[in-house]
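These numbers were taken from a predicted model, which means no experiment stands behind them. In each ligand, atom 1 is the first atom listed, and ligand 1 is the first ligand listed.
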Amino acid sequence: MSPRGAPRRAAYENVRQTIASLLDGEDDFVAAMATAACELHHAFDHYDWTGFYRVTRPGLLVVGPYQGGHGCLRIPFERGVCGKAARDRATVLVPDVEAFPDHIACSSTTKSEIVVPVLTPEGALLAVLDVDSDAPGAFDDDDRSGLEAICADLGRAFSGSPSTPA
Ligand code: SME
């Protein structure tokens, strides 16, 4: 399990800066999501699946770049933790997936997860970032704020980009 508190916050600040410098000048959203998923996945021991689901048409999420075992391909907004984050346009933190009735189990080893929307400053939903852990209660408010900052960076950078659906 990754350390909590200040070390975890510092790790998020580091990975955020790394992603920002790797993406400097990049205008392709898929390339950006792939880079962010890779950097995040390898930065934290408590991550077991890290990836994006893209909004490809109203009400539908389709899997994008990810790290980990295979993820389910399509998630309608009505379903799962990802669908709830997309519907509410807000982060959903699930400490115990067994206690979330509509959790979609892509892997039987997942115990907790966090899903963060990628929103443009204008409020368009581009994607959601889903991180799953094999440990119960693996994510806390530092994960929430760290991931929200990175997703906000992506939303700002790709607002109005031809490489996004929005
Ligand atoms: N658990 C997610 C589905 C995506 S996979 O875990 C990669 C959900 O309930 O939306």
Side-chain angles (χ1 to χ4, degrees), residues 1-2 4 8 11-12 15-16 19 28-120 123-155 158 163-166:
M1 173 70 71
S2 302
R4 290 185 188 261
R8 191 174 287 195
Y12 273 107
V15 73
R16 182 184 180 189
I19 292 168
D28 185 278
F29 189 45
V30 172
M33 288 187 287
T35 302
C38 176
E39 290 301 317
L40 282 164
H41 190 75
H42 292 96
F44 295 105
D45 290 343
H46 60 302
Y47 282 32
D48 291 291
W49 194 94
T50 311
F52 291 87
Y53 282 89
R54 300 162 298 130
V55 181
T56 58
R57 59 175 159 82
L60 182 66
L61 296 164
V62 179
V63 77
Y66 65 91
Q67 303 260 326
H70 76 84
C72 48
L73 273 65
R74 285 169 183 250
I75 303 177
F77 276 26
E78 296 76 33
R79 294 286 329 279
V81 185
C82 290
K84 180 167 174 52
R87 277 194 316 275
D88 296 353
R89 291 161 179 267
T91 298
V92 183
L93 199 163
V94 181
D96 173 7
V97 297
E98 300 290 331
F100 190 96
D102 193 31
H103 167 254
I104 302 167
C106 291
S107 162
S108 60
T109 57
T110 298
K111 298 285 192 297
S112 58
E113 74 175 272
I114 183 167
V115 182
V116 180
V118 179
L119 293 160
T120 69
L125 179 69
L126 303 183
V128 300
L129 170 60
D130 178 6
V131 186
D132 298 346
S133 181
D134 289 353
F139 303 103
D140 61 20
D141 279 344
D142 292 326
D143 297 282
R144 178 196 293 270
S145 53
L147 291 170
E148 285 179 349
I150 290 164
C151 287
D153 290 343
L154 288 172
F158 288 93
S163 67
T164 66

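Ligand 1 places these atoms under 4.0 Å from at least one heavy atom of H103: 1 (N), 9 (O). Close approach of ligand 1 to D132 (heavy-atom distance below 4.0 Å) involves ligand atoms 5 (S), 6 (O), 7 (C). The C82 neighbourhood of ligand 1 comprises atoms 8 (C), 10 (O), with distances under 4.0 Å to a heavy atom of that residue. The ligand atoms of ligand 1 that sit less than 4.0 angstrom from a heavy atom of I75 are 3 (C), 4 (C).
Proximity of E113 to ligand 1, defined as any heavy-atom pair under 4.0 Å, is confined to the side chain (atoms from C-beta onward). If you look at W49 next to ligand 1, the close heavy atoms, those under 4.0 Å, all belong to the side chain. Proximity of Y53 to ligand 1, defined as any heavy-atom pair under 4.0 Å, is confined to the side chain (atoms from C-beta onward).
Of all the heavy atoms in A85 and V115, the pair that sits closest is CB-CG1, 3.5 Å. Considering all non-hydrogen atoms of both residues, W49 and G69 come closest at NE1-O, 2.7 Å. The two atoms that bring R89 and L125 nearest to each other are NH1-N, 3.7 Å, heavy atoms only. Summarising the geometry of K111 relative to P136, their closest heavy-atom pair is CB-N, 3.5 Å, with the distance given to 0.1 Å. V118 and G155 get closest at one heavy-atom pair: CG1-N, 3.8 Å.
For R4, the CZ atom is densely surrounded, since the number of other residues' heavy atoms within 6.0 Å is greater than 12.
The nearest heavy-atom contact from the protein to atom 9 (O) of ligand 1 is I104 N, 2.8 Å. For atom 5 (S) of ligand 1, the closest non-hydrogen atom of the protein is C106 SG, 2.8 Å. Scanning all protein heavy atoms for the shortest distance to atom 4 (C) of ligand 1 gives D130 OD2, 3.2 Å. Counting protein heavy atoms only, atom 8 (C) of ligand 1 is closest to V81 N, 3.3 Å.
Exactly one of L147, D48, D143 qualifies for a side-chain contact (heavy atoms from CB on, under 4.5 Å) with V131. That residue is L147.
The distance between the ring centers of Y53 and Y66 does not fall below 6.0 angstrom.
Ligand 1 has no nitrogen or oxygen under 3.5 angstrom from a nitrogen or oxygen of D102.
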